[in-house]
Number of protein chains: 2
Amino acid sequence: MTSTPHGARARARNEITAAIKEEARRRLAEQGAAELSLRAVARTLGMASSAIYRYFPSRDDLLTALITDAYDSLGEAAEAALKASAGAAPGERWTAVCEAVRGWALAHPHEYALIYGSPVPGYAAPATTVPAASRVGFALIDVVRDAHRAGELNVPSVPADLEAEAARMAADFVPGLPPAVAPACVAVWAQLLGLIGFEVFGQFTRIVEERDAFFRHTVGGLARTVGLRPAGAS
Amino acid sequence: MTSTPHGARARARNEITAAIKEEARRRLAEQGAAELSLRAVARTLGMASSAIYRYFPSRDDLLTALITDAYDSLGEAAEAALKASAGAAPGERWTAVCEAVRGWALAHPHEYALIYGSPVPGYAAPATTVPAASRVGFALIDVVRDAHRAGELNVPSVPADLEAEAARMAADFVPGLPPAVAPACVAVWAQLLGLIGFEVFGQFTRIVEERDAFFRHTVGGLARTVGLRPAGAS
DNA sequence: ACACAAACGAGAGCACTGCTCTTGCAATGC
DNA sequence: GCATTGCAAGAGCAGTGCTCTCGTTTGTGT
């Protein structure tokens, strides 16, 4: 399969597929998903628009590929912050990961809109995007698990009507942690992305000015919600 | 009809404008903003597509009108819950307003996507939408102010690098409340809408099953963040 | 009462989109 | 060598937002 005559075609195909994705990503980053036109990327690639359909059966499939890439790129940023902060106090790691996610979102607003904004077409989140999408959440959970191992986790309480749900959540995503933290993790995950989304989408215009300090402070509150001692707390 | 010479045209114009908005809103609710086509609404209204431009100078202007309406509709839902819960404990009112917002979002997912999802076109949030957009936030703040008047507000602390910002925020949106609660209010506002957005946009699929109980519990945590005693807390 | 101006509706048309189908060419497999 | 397959290009369809023009209707100032 390496130097077989069959491989030449395959390699060319991979290269062209990558070139299409790259150009599409460039346009996405500049103008947003709504303005992404198959014909335009075909034009700048010097190929007929119909040729693109050999590589992506439809525009939505191209978008799905970009979605997966965006999830992965964001997940990598979060995991990088996780690694870079290894050994630090859980509270510090928490804000490090959160700020990495925020930094990525501010640097790639259109990609962020693609994955956490409104589902663009008839909205479809194919199952293939799930693993890439969960990386951010797992990075956050890693911090919590870290704190739990160190005995520094303040396990929250959970109402009776959520106990079963918490147990299921814990079994699915948070193995090795007390079930009671699972709902808090999920809630904080959604709240963090909501907070970042508001900033990226301009909802904070004329409302929040000191964005950095505001984010740091708010993220500290989120840490407390999952049972962590926030960074810099006495 | 000839009673008011000047009013005949104006009234017809208002009626047609309303009919266009109504039909557009219907299509928006069914298919989403991306699929909203000017020509299609013109067709079902029995008029030429070019005639629509006498009433809305562009598709984006129609969308802007729908955005304002959606903000108002959501704001009304929140304010209705506020009124209906008058006299109840602040914690109860808090979850009442939050659940009203969530209920509206789940009932009008496309409208919700329009106002809190990714900015669709080249994204424009004209200043005219601001008052409508702030109604939800003010409904939440009203609950906090209510608690403060009753002396039941647990004023949070604010780090030194946010004190000036908190004072500015308080002067702008939260008059009569201690400045320290302002950042918490803004943060919780963003977090609440983020939480709802995750549910509406399907991010909770296969993750949260008991949505009602989960939301109730999470919203209780948000209440605590702004200094309220959550509903049903001892 | 009449003329003038403004508002209006309809149609044609432009540039653009996603997507399909057919045709011709080149590389691959027997 | 020959048949099969993968690929690229072009034409074409249906649809979009938007503009322009051309009559017609409606309201108003004199």
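A note on names: the letters A, B, ... follow the listed sequences, proteins ahead of strands, and every chain is numbered from 1.
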Is there a donor and acceptor pair closer than 3.5 Å between the side chain of B:Arg9 and the base of D:dT25?
yes
Name the nucleic acid region contacted by B:Leu45, choosing base, sugar-phosphate or nothing; use a 4.0 angstrom heavy-atom cut-off, strictly under.
nothing
What contact category does B:Leu62 fall into here, base, sugar-phosphate, or nothing, at under 4.0 angstrom with non-hydrogen atoms?
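Here B:Leu62 touches no strand at all.
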Between [atom2] of [N] and [atom1] of [X], the distance in whole Å:
| X | N | atom1 | atom2 | value |
| --- | --- | --- | --- | --- |
| B:Phe56 | D:dG17 | CZ | P | 14 Å |
| A:Asn14 | D:dC7 | CG | P | 10 Å |
| A:Ile52 | D:dG6 | CD1 | C1' | 17 Å |
| B:Glu35 | D:dG17 | CD | C1' | 15 Å |
| B:Arg13 | C:dG9 | CZ | C1' | 13 Å |

Between B:Arg135 and B:Glu79, does at least one N-O distance fall below 4.0 Å, as a salt bridge requires?
yes
Any carboxylate oxygen within less than 4.0 angstrom of a Lys/Arg side-chain nitrogen, looking at B:Arg216 and B:Asp212?
no
Assess, by modelled atom type and distance only, whether the side chains of [X] and [Y] contain a donor and an acceptor separated by less than 3.5 Å.
| X | Y | result |
| --- | --- | --- |
| B:Ser118 | A:Ser118 | yes |
| B:Thr64 | B:Asp61 | no |
| A:Thr17 | A:Asn14 | no |

Which residues satisfy the side-chain hydrogen bond (donor to acceptor under 3.5 Å, both in side chains) test with B:Glu76, sequence neighbours excluded?
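Checked B:Glu76 against side-chain hydrogen bond (donor to acceptor under 3.5 Å, both in side chains); zero matches.
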Go along nucleotides 14-23 of chain C 5' to 3' and tag each nucleotide: B for a protein heavy atom under 4.0 Å from its base, S when only backbone or sugar atoms are that close, - otherwise.
---BBBB---
